[in-house]
Asker: 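Here it is, the structure, as structure tokens.
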There are 2 protein chains.
Amino acid sequence: MSSQPASMRDVAHRAGVSLSTVSRVLRGAPGVAPDVRLRVQRAADELSYVVSRNASGLVTGRTGRVAVVVPFLQPWFFGVVLSGVSDALREADLDMLVYQVGETRAREGWTRALPLRRNSDAVVTVSMDLSEDECHRLDDVGVPVVLVGQCVPGRASVYIDDRAGAAGATRHLLNLGHTRIAYIGARREEWSSTSSRHRLEGYGAAMATAGLAPWSVGKATGHAGGELAMGELLSDQDPPTAVLAEFDDIAMGAHRILRRSGVRVPGSISLMGFDNHDAAAVLDLTTVDQAPYDTGLAAGRLTVGILDGKARTDTHVEMPTQIILRQSTAAPRGARGLST
Amino acid sequence: MSSQPASMRDVAHRAGVSLSTVSRVLRGAPGVAPDVRLRVQRAADELSYVVSRNASGLVTGRTGRVAVVVPFLQPWFFGVVLSGVSDALREADLDMLVYQVGETRAREGWTRALPLRRNSDAVVTVSMDLSEDECHRLDDVGVPVVLVGQCVPGRASVYIDDRAGAAGATRHLLNLGHTRIAYIGARREEWSSTSSRHRLEGYGAAMATAGLAPWSVGKATGHAGGELAMGELLSDQDPPTAVLAEFDDIAMGAHRILRRSGVRVPGSISLMGFDNHDAAAVLDLTTVDQAPYDTGLAAGRLTVGILDGKARTDTHVEMPTQIILRQSTAAPRGARGLST
DNA sequence: CTGTTAGCGCGTTCAA
DNA sequence: TTGAACGCGCTAACAG
């Protein structure tokens with residue numbers, strides 16, 4: 001209706017008080033008579049007035065906004081993390097700016113291109129796998145940074161122990177009695193993420209502890225990579241009895257190939273993923289849950305804490321992972337392990 | 001490094017020009033000598049200075065931000081739409097604010113609670129299924145509104161023809177020779193979305209045209225609902241030979257029950273979804289694609305167009321749907337239709 | 001083509 | 001407990 005949104009002056013006028021009184025009331029500042037406070041609040045309500053963060057930020061130096069930077073918005077994972085971040089920020093009455101910056105190489109210089117500086121109070125990066133260089137450039141922005149899915153000493157980080165998660169998953173397969181356990185990873189061309197490396201290391205370590213040689217296949221990423229890799233494994237002279245995938249998307253591609261090939265899961269081959277993708281439940285896929293919503297929530301709350309001066313900027317939060325047992329893993333035929 | 005981020009004054013000082021010249025350069029306004037422009041740009045670069053949208057917005061009345069309101073952030077669909085919106089806004093150098101407002105009933109009053117007013121130049125709602133009332137309250141915010149996934153006369157809307165999509169899907173099953181075609185929908189307690197209704201209507205219309213009575217089962221939403229509904233259908237005296245689900249999540253739940261029950265898909269029952277969820281490919285599920293990324297992109301561009309005064313605020317954009325044939329649908333045994 | 005000036009809407013002094 | 005004056009960083013209108 002009102003072509004010109006109400007300003008604080010309108011509220012003051014309507015309530016019959018001065019500008020500063022309105023400001024005090026709306027900020028919840030003390031030193032206002034109860035009846036006056038009520039009158040102002042009603043006036044603001046009637047005009048459906050909300051404080052302009054623009055104007056207040058100009059003077060306080062705080063924008064009331066937090067920037068969240070993600071490589072992509074489409075994959076399941078980021079939506080869930082954002083959901084957690086959003087809820088945490090809402091608690092503190094902060095708005096969420098979302099920036100999608102794209103693939104690693106293409107994001108060259110995103111730290112400068114993005115209007116982060118003076119337009120948000122903090123930056124949360126999700127699975128960005130920042131280089132030392134990029135981290136330093138972020139410091140230049142002059143706002144606190146919280147890293148999600150990456151653990152950097154001296155910086156606020158929220159992450160999972162990928163090594164431990166992958167090692168646990170591998171042990172699950174070992175405990176079932178498997179010895180021929182292959183690992184399918186995503187090999188990117190010029191770059192490999194820390195998380196990728198850690199998961200592979202975790203698998204390798206668990207295998208070594210069991211006195212077994214690692215057996216890993218790296219193909220493209222996503223479903224397609226899983227299909228290719230599983231194709232290769234099925235053509236091996238002595239195929240594995242269990243397969244661990246770096247993440248569920250890959251496992252799902254592998255699952256598809258197994259289904260089409262008539263290979264029984266887990267009868268002939270046990271298959272295990274990582275992430276607890278929401279489609280993993282549909283496929284009855286055993287996987288490792290990493291609670292991305294809780295991760296987002298923790299990251300959001302840590303950000304709020306830092307902004308309130310209640311948390312240090314080098315806080316590390318390690319989120320737990322948990323194995324979700326479903327129907328895609330079982331003891332191999334005639335195994336000795338846990339099976340009888 | 002710099003504890004105090006540079007301001008425009010610093011840039012002006014460093015370049016040896018006045019504030020307005022810097023402002024002109026940074027806005028790309030005409031009327032600046034090329035060499036001066038270059039000098040200013042370099043100075044800004046060296047100080048890694050970016051304009052404060054806060055301050056500029058204060059005077060221009062434009063914030064450089066668009067608010068996107070979604071009920072949830074976790075479901076696959078919203079991430080993909082947001083991705084499209086984000087790309088479109090980036091083209092126009094606009095930032096994206098994301099608000100997650102939650103379930104229908106709980107979002108009572110979100111239009112007032114959200115600091116939309118004076119904090120964004122436009123609002124994009126995604127699958128919000130706004131009531132007349134909520135629409136009017138949004139008008140009060142005083143910024144243009146673009147509706148995604150909802151078609152309201154007189155308002156900017158980007159949507160798909162759910163009726164036609166569901167009718168097409170039903171015809172696909174009819175053409176294969178099925179006559180016992182059941183429909184699984186999500187029945188929410190106190191409320192049903194427009195899209196839900198339209199899809200059911202499309203199914204009903206196609207069935208009627210074929211001279212068949214509709215057969216619809218409504219359970220909870222999501223995987224669980226699909227499982228329940230399929231359980232009911234499998235206990236019927238004369239089970240269907242084909243099942244159309246309102247959306248892929250439901251179809252995936254149904255698929256799981258069929259798999260566990262040893263019912264062959266599509267051998268004994270054809271199964272079809274709607275949405276082209278990214279997990280649908282993994283399940284080889286025939287479905288209806290609605291290109292959510294393109295929808296987001298179109299909505300974002302429409303928003304930009306409206307802000308630039310190049311598009312009307314009552315523009316309607318209908319996005320095409322497309323049937324994606326996969327392995328989950330086939331002619332029934334001994335059918336007459338297209339099968340031979 | 002460039003510099004000067006006056007606010008944009010609000011929070012923060014101060015003084016009353 | 002309240003109100004008036006000032007300035008946050010920037011743009012728009014003007015003057016030069």
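In this text, all values refer to a predicted model and were calculated from it rather than measured experimentally. Below, chain A is the first sequence line, B the second, and so on; all start at residue 1.
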Asker: Hey, is A:Asp45 close enough to A:Arg14 for a salt bridge, meaning N to O under 4.0 Å?
Answerer: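 Result for this pair is no, no salt bridge flagged.
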Asker: Measure from the side-chain heavy atoms of A:Val51 and tell me the nearest of C:dC10, C:dT2, D:dC10.
Answerer: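 Taking heavy atoms from C-beta onward, the closest nucleotide is C:dC10.
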Asker: In this structure, how many angstroms lie between the C1' atom of C:dG9 and the CG atom of A:Leu47, rounded?
Answerer: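 Answer to the nearest Å: 15 Å.
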Asker: Counting only N and O atoms by type, is there a donor-acceptor contact under 3.5 Å from the side chain of B:Ser193 to the main-chain atoms of B:Ser196?
Answerer: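 Checked: pair present.
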Asker: Please report the closest heavy-atom contact between A:Ala6 and A:Asp10, naming both atoms and the distance.
Answerer: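 Looks like CA-OD2, 3.3 Å.
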Asker: Starting from P on D:dC8, measure out to CG on B:Asp10 and report it in whole angstrom.
Answerer: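 Taking atom P of D:dC8 as the reference, CG of B:Asp10 is at 12 Å.
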Asker: Check whether any side-chain N or O of B:Thr303 sits under 3.5 Å from a backbone N or O of B:Ala299 as a donor-acceptor pair, and report yes or no.
Answerer: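 Judged by distance alone, yes, a pair lies under 3.5 Å.
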Asker: Can you pull out the residues from residues 13-23 of chain A that lie within a 4.0 Å heavy-atom distance of DNA chain C?
Answerer: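 Close to the strand are A:Ser20, A:Ser23.
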Asker: A:Arg27 and A:Ser23: side-chain donor and acceptor closer than 3.5 Å?
Answerer: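 There is such a pair between these side chains.
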Asker: Looking only at side-chain N and O atoms, does B:Arg27 come under 4.0 Å of OP1 or OP2 in D:dA12?
Answerer: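 Yes, because at least one side-chain N or O of B:Arg27 sits under 4.0 Å from OP1 or OP2 of D:dA12.
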Asker: Less than 3.5 Å between a donor and an acceptor, one on the side chain of A:Arg24 and one on the base of D:dG3, is that the case here?
Answerer: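 Side chain to base: pair present.
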Asker: Rounded to the nearest angstrom, tell me the gap between atom CG in A:Leu26 and atom P in C:dC10.
Answerer: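 The answer, rounded to whole Å, is 9 Å.
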Asker: Short question: side chain of B:His316, backbone of B:Val152 - any donor-acceptor pair under 3.5 Å?
Answerer: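 Indeed, once roles are kept as given, a pair shorter than 3.5 Å links the two residues.
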Asker: Whole angstroms only, please: what is the CZ-C1' distance between A:Arg9 and C:dG7?
Answerer: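 After rounding, the reported distance stands at 11 Å.
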Asker: Return yes if a side-chain donor-acceptor contact under 3.5 Å exists between B:Ser157 and B:Gln150, otherwise no.
Answerer: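 No - no donor-acceptor pair under 3.5 Å links their side chains.
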Asker: Would you sketch DNA chain C in dot-bracket for me? Only Watson-Crick or G-U wobble pairs with both distances under 3.5 Å count, crossing pairs as [ ], other-strand pairs as |, the rest as dots.
Answerer: ||||||||||||||||
Asker: Can any side-chain N or O of A:Asp162 pair as donor or acceptor with the backbone N or O of A:Ser195 at less than 3.5 Å?
Answerer: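 Checking the backbone N and O of A:Ser195 against the side chain of A:Asp162, no donor-acceptor pair under 3.5 Å is found.
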Asker: Rounding to a whole Å, what distance do you find between A:Asn119:CG and D:dC10:C1'?
Answerer: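 Taking atom C1' of D:dC10 as the reference, CG of A:Asn119 is at 12 Å.
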Asker: Rounded to whole Å, how long is the line connecting atom CG of A:Asn54 with atom P of D:dG9?
Answerer: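 These atoms are roughly 14 Å apart.
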Asker: I need the CE-C1' distance between B:Met8 and D:dT11, as an integer number of Å.
Answerer: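 Going from B:Met8 (CE) to D:dT11 (C1'), I get 8 Å.
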Asker: Rounded off to whole Å, could you give me the CG-to-P distance for the A:Leu58 and C:dG7 pair?
Answerer: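 Atom CG in A:Leu58 sits about 17 Å away from atom P in C:dG7.
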Asker: Hey, does the side chain of B:Asp121 reach the backbone of B:Arg62 with a donor-acceptor pair shorter than 3.5 angstrom?
Answerer: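 Such a contact is absent between B:Asp121 side chain and B:Arg62 backbone.
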Asker: Hey, is the side chain of A:Tyr49 poking within less than 4.0 Å of OP1 or OP2 on C:dG9, counting only N and O atoms?
Answerer: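 No, A:Tyr49 has no side-chain N/O under 4.0 Å of OP1/OP2 on C:dG9.
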